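Here, residue 1 is the first one in the sequence, and each next residue gets the next number. Because the structure is a prediction, the values reported are computed rather than measured.
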Amino acid sequence: MSNIDIAVILIFTALVFVCGMSFSKAGKNMKSYFAAGGALPWWMSGLSLFMSFFSAGTFVVWGSVAYSSGWVAVTIQWTMCIAGLIIGFIIAPKWQKTKAITAAEFINDRLGKSTQKTYTYLFLFISIFTTGAFLYPVAKIVEVSTGFPITTSIIILGILILVYTAVGGLWAVIVTDVLQFIVLTAAVLIVVPLSFDKIGGINEFVAKAPERFFEFTNSEYSWGFMIAFGLYNLFFIAGNWAYVQRYTSVATPKDAKKVGWLFGGLYAISPLIWMIPPMIYKVLNPDLGELADEGAYLLMCKEVLPIGMLGLMLGGMIFATSSSVNTTLNISAGVLANDIYKNLRPDSSDKELVRVGKGATIALGVLTIIIALLVPLFGGIVEVVMSLAALTGGAMFLPPLWALFSKNQTGKSVLSVTFISLAINAFFKFLSPDLIGIKLDRATEMGVGMGIPIVLLVLSEIYFNSKKQENKQYLDYLKVLEKKQQEPEEESSASNKKGTKVIGIGVASTGLLILLLSIIAETGALLVGGMGIAVLILGLFVIKKSLD
């Protein structure tokens with residue numbers, strides 16, 4: 001990697017950091033710090049949701065799958081598109097109507113304080129492993145592209161992310177996510193045509209690709225796996241506390257619908273573009289072994305991107321992948337402050353709660369760094385992500401999500417489903433191979449993880465309906481909800497204008513940087529220059545809109 005690429009990485013890092021830190025005074029109270037005032041523009045929330053989920057493993061996890069298995073990686077990600085559309089039509093507006101800042105607050109309102117405490121501790125425990133699994137790919141990208149030691153990368157990047165997330169709250173997360181979306185879209189639209197040119201065109205790529213490289217499924221990722229993984233995505237995107245924040249932080253149920261639809265629409269198109277580079281790299285270099293295929297995406301970028309653009313792509317990848325970390329850190333800190341500390345000290349002021357939230361962000365960030373350092377010991381990032389999905393996705397997120405629609409469920413019933421499901425999943429994952437000689441393949445493991453909570457919840461609904469008794473918890477919840485709906489909405493137009501303006505400045509600055517890089521590009525100069533002009537114009541347009 002050239003000195004110019006390294007300089008571009010540093011410039012982009014500074015740009016993202018400054019954008020995030022510009023909201024240091026935005027978090028005056030809990031709603032502004034953890035929900036951006038509760039009236040985020042739907043397009044900002046939708047793009048942030050996309051980047052938060054998309055970046056968790058696209059470059060490393062799904063890039064690895066695309067390299068080794070081809071089109072299967074696209075099929076896997078299309079299940080996320082279907083999940084997003086269903087959420088947009090049905091689930092997202094339901095979340096917005098709860099008027100809760102966090103999913104934990106809804107659980108408290110609907111299922112009781114003791115249930116909320118139990119889920120909170122479970123969520124915080126799982127989220128530490130989740131954010132660690134998200135931070136690892138960031139450092140892996142740096143290692144592959146620069147040779148910088150992965151342990152040092154994890155520590156430095158972890159500290160950088162937790163600082164601007166702690167200072168700026170949800171606005172820092174949202175704005176940096178949107179900026180990263182623009183940067184990476186621009187970069188990949190340069191990478192794809194240059195990758196095809198490197199291999200000799202589309203026909204040459206198809207001709208040289210491995211056998212069955214363009215089939216929708218394979219033995220490891222079968223149709224059974226796709227269905228189960230699609231259900232996991234539905235439960236996870238709809239019920240994960242970090243993503244629920246995107247539905248509750250917009251102004252109306254209609255805006256919440258648009259958040260889900262935008263997510264689904266982007267996942268209909270993006271896999272077709274994003275998975276091409278590592279698939280092409282399989283033809284160029286078919287012999288990456290073991291965990292080396294986790295770096296296939298970056299290796300393809302290094303092959304084709306002109307000087308400077310590799311640095312911008314890398315910078316975008318680093319902070320896009322890190323958006324999953326800052327999203328989970330923000331909501332986890334919100335849960336600690338709003339749903340644990342506030343319950344222990346009900347008379348706490350907003351200023352005190354925000355201070356606690358910032359401290360919690362730092363503490364959770366340190367734990368995230370430690371877990372990320374341990375990922376290689378767990379078998380690599382693909383194994384960690386898939387295992388977490390199968391073990392916790394349905395068991396943890398479906399029962400409270402079910403209670404969002406059901407009048408029958410109680411705190412005891414949803415907790416019972418969660419713990420029974422977790423116990424069965426853990427048994428088959430860790431104990432059954434040695435005790436009874438049964439080791440589930442990936443599809444069956446995912447199917448069991450999603451199927452058991454569904455069956456248990458259906459059985460519980462049948463039981464409750466047979467009793468024909470009114471649920472006191474649900475009736476109490478209706479009273480709480482009515483009271484919340486009568487509370488005045490916070491004025492947030494000033495914050496929205498500032499957020500839009502910061503995004504515009506960041507995008508315009510990136511467009512100018514790309515345009516300057518086209519001057520020194522030895523290959524693809526017109527392509528790079530054209531993209532730079534397009535991004536610059538987009539940034540100026542967004543700035544103008546913020547001033548209207």
Side-chain angles (χ1 to χ4, degrees), residues 1-20 22 43-44 47 50-51 54-55 58-59 141 145-146 175-198 266 269-270 272-274 276-277 280 297-298 300-321 323 499-547:
M1 179 172 284
S2 69
N3 290 334
I4 293 177
D5 285 305
I6 294 173
V8 169
I9 293 172
L10 295 175
I11 292 170
F12 185 72
T13 299
L15 178 62
V16 171
F17 192 73
V18 168
C19 286
S22 67
W43 61 271
M44 284 190 195
L47 290 177
F50 176 75
M51 290 306 298
F54 155 95
S55 56
T58 297
F59 304 117
I141 288 168
S145 56
T146 67
V175 168
T176 53
D177 283 353
V178 175
L179 175 59
Q180 292 146 20
F181 171 79
I182 300 297
V183 170
L184 283 174
T185 299
V188 80
L189 290 175
I190 294 172
V191 171
V192 171
L194 292 178
S195 298
F196 276 123
D197 185 63
K198 180 75 174 182
L266 288 171
I269 300 167
S270 62
L272 298 172
I273 303 170
W274 289 102
I276 289 296
I280 292 177
Y297 209 112
L298 247 296
M300 187 70 245
C301 291
K302 290 177 75 173
E303 286 279 347
V304 300
L305 282 175
I307 190 169
M309 278 306 300
L310 177 60
L312 186 63
M313 182 73 168
L314 177 61
M317 284 183 175
I318 290 170
F319 283 100
T321 310
S323 70
T500 304
K501 185 178 180 180
V502 172
I503 289 171
I505 292 171
V507 171
S509 301
T510 304
L512 182 60
L513 179 60
I514 295 174
L515 192 57
L516 292 173
L517 291 175
S518 70
I519 298 172
I520 59 174
E522 296 178 356
T523 58
L526 289 176
L527 182 62
V528 175
M531 190 60 66
I533 291 172
V535 173
L536 177 59
I537 292 172
L538 176 62
L540 294 174
F541 173 77
V542 173
I543 294 172
K544 182 178 180 299
K545 291 294 288 184
S546 72
L547 300 175

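- Exactly one residue among Pro277, Cys301, Pro306 makes a side chain to side chain contact (heavy atoms under 4.5 Å, CB included) with Leu194. That residue is Pro306.
- Side-chain atoms of Pro193 and Asp197, non-hydrogen and from C-beta on, never get closer than 4.5 Å to each other.
- Tested against Thr510 for a side chain to side chain contact (heavy atoms under 4.5 Å, CB included), the candidates Val16, Val183, Ile182 yield a single pass: Val183.
- Atom NZ in Lys545 sits 14.0 Å away from atom CD1 in Ile503 (nearest 0.5 Å).
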*Apply side-chain contact (heavy atoms from CB on, under 4.5 Å) to Met309 and Val528, showing your working.*
CA-CA 8 Å; Met309 278 306 300; Val528 175; 4.1 Å; yes

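- Taking CE of Met531 as the reference point, atom CG of Leu312 lies at 11.5 Å (rounded to 0.5 Å).
- Here OG of Ser518 is found 10.0 Å from CG of Leu513. Values are rounded to the nearest 0.5 Å.
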*For the pair Leu184 and Met51, evaluate side-chain contact (heavy atoms from CB on, under 4.5 Å) and give the outcome as yes or no after the intermediate values.*
CA-CA 10 Å; Leu184 283 174; Met51 290 306 298; 4.0 Å; yes

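- Between Phe50 and Phe181, the ring planes are perpendicular. Angles over 60° get that label, and only those under 30° would be called parallel.
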*Carefully, step by step, assess Trp43 and Val178 under the rule side-chain contact (heavy atoms from CB on, under 4.5 Å).*
CA-CA 9 Å; Trp43 61 271; Val178 175; 4.1 Å; yes

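- Here the straight-line distance linking atom CG of Leu536 with atom CZ of Phe541 works out to 14.0 Å at 0.5 Å rounding.
- Closest of all the heavy-atom pairs between Met300 and Ser195 is CG-OG, 3.8 Å.
- At least one side-chain heavy atom of Leu15 sits under 4.5 Å from a side-chain heavy atom of Leu179.
- A pairwise comparison of heavy atoms in Gly308 and Ile4 identifies CA-CG2, 4.0 Å as the closest pair.
- Of all non-hydrogen atoms in Val535 and Ile514, the two that sit nearest each other are CG2-CD1, 4.4 Å.
- The distance from the CH2 atom of Trp274 to the CD1 atom of Ile269 is 13.0 Å, given to the nearest 0.5 Å.
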_Verdict with supporting geometry, Val542 and Ser546, side-chain contact (heavy atoms from CB on, under 4.5 Å)_ = CA-CA 6 Å; Val542 173; Ser546 72; 5.8 Å; no

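- Two residues are said to be in side-chain contact when any heavy atoms from C-beta on lie closer than 4.5 Å; Lys302 and Leu310 meet this criterion.
- Here the closest heavy-atom approach between residue Thr500 and residue Met44 is recorded as OG1-CE, 3.1 Å.
- Within a 6.0 Å sphere centred on CG of Leu526, other residues, nucleotides and ligands contribute 12 heavy atoms or fewer.
- Of the inter-residue distances, the one linking Leu512 atom CG with Leu517 atom CG reads 9.5 Å to the nearest 0.5 angstrom.
- The shortest non-hydrogen separation linking Ile307 to Ser2 is CG1-OG, 3.4 Å.
- For the pair Ile9 and Leu314, the tightest heavy-atom approach, listed with the atom from each and the gap, is CD1-CD2, 3.1 Å.
- The side-chain heavy atoms of Leu47 and Leu266, taken from C-beta on, include a pair separated by under 4.5 Å.
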